[in-house]
There are 4 protein chains.
Amino acid sequence: MAQPETRPESRDERRTPTSREQQAEQRRNQLIDIALDLFSEKGVDGATIKEIAAQADVAQGLVYHYFDSKEALLLAVIERHGPFAPLRVLLAQAFSQPIHEGLHTLAHGVYRIMSERKKLLRIVLHEAMLRPEMRQILLGVRAQLMTTVGAYLDTRIAQGELRSHNTEVTMHTLAVTIGSLVLAGFPPDPFLDDLVDTLLNGISAVPTHGVQPDDTQTKTNA
Amino acid sequence: MAQPETRPESRDERRTPTSREQQAEQRRNQLIDIALDLFSEKGVDGATIKEIAAQADVAQGLVYHYFDSKEALLLAVIERHGPFAPLRVLLAQAFSQPIHEGLHTLAHGVYRIMSERKKLLRIVLHEAMLRPEMRQILLGVRAQLMTTVGAYLDTRIAQGELRSHNTEVTMHTLAVTIGSLVLAGFPPDPFLDDLVDTLLNGISAVPTHGVQPDDTQTKTNA
Amino acid sequence: MAQPETRPESRDERRTPTSREQQAEQRRNQLIDIALDLFSEKGVDGATIKEIAAQADVAQGLVYHYFDSKEALLLAVIERHGPFAPLRVLLAQAFSQPIHEGLHTLAHGVYRIMSERKKLLRIVLHEAMLRPEMRQILLGVRAQLMTTVGAYLDTRIAQGELRSHNTEVTMHTLAVTIGSLVLAGFPPDPFLDDLVDTLLNGISAVPTHGVQPDDTQTKTNA
Amino acid sequence: MAQPETRPESRDERRTPTSREQQAEQRRNQLIDIALDLFSEKGVDGATIKEIAAQADVAQGLVYHYFDSKEALLLAVIERHGPFAPLRVLLAQAFSQPIHEGLHTLAHGVYRIMSERKKLLRIVLHEAMLRPEMRQILLGVRAQLMTTVGAYLDTRIAQGELRSHNTEVTMHTLAVTIGSLVLAGFPPDPFLDDLVDTLLNGISAVPTHGVQPDDTQTKTNA
DNA sequence: AATGAATGAGCCTTCATTCAT
DNA sequence: TATGAATGAAGGCTCATTCAT
């Protein structure tokens with residue numbers, strides 16, 4: 001939740017907004033937040049402009065004063081509730097820690113960020129299955145994570161903290177699993193720590209690594 | 001339960017079906033399969049009965065001769081394309097193998113089963129976000145997997161092949177990650193082997209473990 | 001209820017019907033009787049051929065083997081359950097009685113006949129509001145009653161049993177009121193006797209008739 | 001309750017309605033009145049929203065802007081054209097007259113009120129045969145009449161104007177018969193006066209009457 | 001900024017009827 | 001006689017969107 005109170009872009013404007021402008025901004029945000037709720041509960045198609053307007057206690061037409069179309073409203077929802085900023089903060093924090101600690105920080109942080117945006121997450125995932133554009137948004141986030149976290153893991157491999165492995169797999173697994181936990185409503189503990197632990201140490205009892213079992217493994221990563 | 005059966009002719013009932021019954025069954029399956037396609041492409045709500053009928057080249061009304069409602073058609077799709085039978089076969093096969101082999105068999109098998117049912121997977125996941133009943137179906141499959149695979153892993157822990165750990169985490173991670181690969185259209189190789197390898201052996205380079213069974217836990221996190 | 005068991009017209013045919021013909025006749029009557037029920041419960045439009053067939057446990061198409069259309073089925077219902085015969089019997093009986101007795105006999109007889117055909121009555125009245133043809137049927141019955149009963153009353157006027165009055169009013173009032181009782185589910189007693197009494201003697205206290213205020217009431221009837 | 005009010009302009013609310021509100025009310029009433037016509041001609045089920053909209057020269061969807069459903073439209077029709085207010089006026093008027101005059105006033109008044117609402121009458125009677133809720137409406141009106149008119153008649157009995165009798169029978173007979181006349185399209189004269197006369201004085205010739213009230217009676221019948 | 005009347009396309013569903021088997 | 005697959009025409013209702021006020 002802990003959501004932006006004003007539109008992120010309009011943050012620090014020079015000119016003091018008139019009360020009329022303030023009202024408009026509030027109304028706009030109100031509509032966006034109602035849309036967030038309804039879109040996530042019923043899907044974008046399932047939610048109706050009529051209902052959004054009704055919950056804001058305004059006429060249907062007013063929604064179209066602020067947004068050109070339902071589609072535009074959806075984009076506004078995504079923009080306003082996007083996870084990019086907090087994600088950047090988290091990554092910076094986690095990357096400064098030793099790997100065994102950083103991975104836990106990362107997991108819990110991602111869980112928190114996703115939890116706070118659970119509604120948005122549902123919307124985007126849901127729509128991504130139908131609309132290629134939404135799929136792009138998702139892939140974009142994935143790519144960003146992959147790049148930054150990938151670099152992080154590669155560093156640690158270089159430093160000998162991690163063995164050489166397919167970091168994409170690790171990253172993808174982590175992200176997807178956490179997402180599933182959030183969506184399913186599972187609490188973070190003890191799942192997250194166990195997950196990170198498994199990723200770090202595996203579940204095999206055998207003396208292990210160097211990893212003999214079958215050296216199918218492979219690839220140093222892409 | 002029921003599997004595609006490729007063609008209705010392959011049924012071995014006592015009574016030989018009349019050609020009319022055969023035709024009816026074919027029509028029914030045809031409608032189901034068209035629905036599978038359209039539901040997965042556009043979502044259940046996005047797909048229209050009209051379009052389904054059109055693709056089958058029949059009148060709209062005929063769809064309602066075979067199915068009471070769109071909802072009933074959806075259930076028929078799920079029943080016809082459900083993964084239960086092949087899943088049982090796979091589990092039996094995997095469980096007879098040593099763990100390092102069995103887990104790979106399992107992963108590839110699950111990937112294959114999901115791939116073959118990618119459309120159904122999309123439908124169910126998509127609908128599960130809106131309809132609690134669909135969510136139940138999903139949770140049902142998860143529970144079944146958890147039970148059987150959990151038993152499998154527990155056996156291996158008892159036999160000392162695996163260290164004592166939260167098997168639910170392993171299972172969930174495996175299933176969810178594979179599902180995401182299928183949906184995202186990623187090929188199984190080399191992702192799957194790397195994933196299993198990571199789960200078995202971890203990514204940590206540290207000499208480490210034996211990783212004594214339980215002091216694993218941890219938390220250092222934020 | 002007490003309904004015809006075979007089609008009234010086909011009563012006494014010379015040739016013994018084959019079992020095939022008997023079966024057909026039974027089926028036909030079964031369909032008619034089911035239609036009677038459903039038409040009266042849900043209206044002709046509200047009842048569906050599908051449901052009629054289902055209650056007879058036959059295929060929809062079979063209904064069209066026996067009746068050309070829903071309309072034809074409706075006519076068959078009316079024909080099979082028509083009140084003409086018993087009405088003739090009743091009138092003959094009532095007319096041979098002195099007026100004070102005959103009018104009670106008539107009222108109770110009409111009540112009984114209508115009661116036994118309550119379903120048909122509902123159907124015809126209901127449809128008469130929409131379809132002119134049905135209205136004709138109704139007006140036909142009314143005309144027949146008016147003629148016969150009118151003649152009866154006129155005779156009694158001529159004989160000095162009744163005062164000269166508008167017999168059409170009396171007849172209409174009697175018929176319509178009884179019909180309303182039947183449809184509303186009111187029992188015949190004591191309403192019918194009171195009604196006939198009122199028609200015969202009025203409600204005015206003024207000098208009046210033989211008829212002392214209160215020993216007026218009730219039954220002499222059959 | 002609410003009566004046609006002929007035109008919305010005649011409302012005396014505090015706030016002057018804006019022209020848009022006036023237009024909306026007109027449209028609403030227009031739709032109701034068209035529905036009244038069509039419902040009575042073809043039955044509620046037989047009439048289509050499409051046709052109602054077409055006659056108002058508006059889009060189908062607009063009907064649903066004013067009424068939640070066809071059912072709601074039906075209720076609006078009943079409310080707008082209900083007979084309660086004029087019925088109250090009539091009863092007050094009739095009850096202040098001596099019985100022989102009052103009963104004629106009542107009969108003609110009821111005939112007039114029903115005639116003015118012939119369409120509504122047809123609708124309600126028609127629907128009452130299928131829908132229990134409509135039956136309730138009918139029974140409600142009947143109960144109200146029974147109470148008020150019953151009290152009226154009882155008073156007159158107490159005052160010696162009428163003999164003691166079953167007033168429910170008289171009332172029911174009067175109401176039902178008048179209703180049938182209206183529906184059948186029969187003119188009020190001379191039927192109504194003859195009817196009231198018969199109820200008051202009966203048709204029996206026996207010693208009897210001055211039958212003075214007014215010797216309107218007439219006809220020996222057709 | 002705000003209203004809400006109005007549109008028009010489309011959707012799910014129902015049903016009487018036909019016809020090959 | 002009997003079946004039931006198939007048709008085609010509606011029908012009630014919803015909804016995103018527009019626009020005059």
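Because the structure is a prediction, the values reported are computed rather than measured. Throughout, a chain's letter reflects where its sequence line sits, starting with A, and its residues are numbered from 1.
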S.K.: Please report the distance, rounded to the nearest Å, between CD in C/Glu21 and P in F/dT1.
M.R.: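 Distance check: C/Glu21 CD to F/dT1 P gives 9 Å.
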
S.K.: Any Lys/Arg nitrogen of B/Arg135 or B/Glu127 sitting under 4.0 Å from an Asp/Glu carboxylate oxygen of the other?
M.R.: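 No salt bridge links B/Arg135 with B/Glu127.
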
S.K.: Just to be sure I follow the notation: if a pair is Watson-Crick (purine N1 to pyrimidine N3 plus N6-O4 or O6-N4) or a G-U wobble (N1-O2 and O6-N3), each under 3.5 Å, what dot-bracket string does DNA chain F give, with | for pairs to another strand?
M.R.: .||||||||||||||||||||

S.K.: Starting from the 5' end of DNA chain E, give me the residue, D/Arg27 or A/Asp57, whose nearest nucleotide shows up first.
M.R.: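 It is A/Asp57, whose closest nucleotide lies nearer the 5' terminus.
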
S.K.: Shortest non-hydrogen contact from A/Ala47 to A/Phe39?
M.R.: CB-CD2, 3.7 Å

S.K.: Could you state the atom-to-atom distance from CD of D/Gln22 to C1' of E/dG4 in whole Å?
M.R.: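 D/Gln22 atom CD is separated from E/dG4 atom C1' by 16 Å.
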
S.K.: Return the minimal non-hydrogen interatomic distance between C/Ile123 and C/Leu74, and the atom names on each side.
M.R.: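 Looks like CG2-CD1, 3.8 Å.
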
S.K.: Rounding to a whole Å, what distance do you find between C/Leu38:CG and E/dC15:P?
M.R.: 12 Å

S.K.: Tell me whether the OP1 or OP2 atom of F/dA2 has a side-chain N or O from C/Gln23 closer than 4.0 Å.
M.R.: yes

S.K.: Output one letter per nucleotide in nucleotides 15-21 of chain F: B when a protein non-hydrogen atom lies under 4.0 Å from the base, S when only the sugar-phosphate is that close, - when neither is.
M.R.: SSBB---

S.K.: Any Lys/Arg nitrogen of D/Lys42 or D/Glu51 sitting under 4.0 Å from an Asp/Glu carboxylate oxygen of the other?
M.R.: yes

S.K.: Could you check how far NE2 of B/His65 sits from P of F/dT3, rounded to whole Å?
M.R.: 13 Å

S.K.: Please step through side chain to side chain contact (heavy atoms under 4.5 Å, CB included) for the pair B/Leu125 and A/His126, ending with a clear verdict.
M.R.: CA-CA 8 Å; B/Leu125 279 182; A/His126 192 256; over 6 Å; no

S.K.: What's the CD-P distance between D/Glu25 and E/dG4, to the nearest Å?
M.R.: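 The answer, rounded to whole Å, is 15 Å.
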
S.K.: Between the side chains of B/Glu71 and B/Arg131, is the shortest nitrogen-to-carboxylate-oxygen separation below 4.0 Å, so that they form an ion pair?
M.R.: yes

S.K.: Just to confirm, is there a sub-4.0 Å distance from OP1 or OP2 of E/dA5 to any side-chain nitrogen or oxygen of D/Arg28?
M.R.: no

S.K.: Check the distance between F/dT14's P and D/Tyr66's OH and give it to me in whole angstrom.
M.R.: 17 Å

S.K.: Which atom names give the shortest non-hydrogen contact between B/Gln60 and B/Ala53, and what distance separates them?
M.R.: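 Looks like CA-CB, 3.7 Å.
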
S.K.: So, applying side-chain contact (heavy atoms from CB on, under 4.5 Å) with C/Arg27, which one of C/Ile32, C/Val63, C/Val58 is it?
M.R.: C/Val58

S.K.: So, using salt bridge (Lys or Arg N to Asp or Glu O under 4.0 Å) as the criterion, who are the partners of C/Asp37 when residues are at least two apart?
M.R.: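 So C/Asp37 forms a salt bridge (Lys or Arg N to Asp or Glu O under 4.0 Å) with C/Lys119.
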
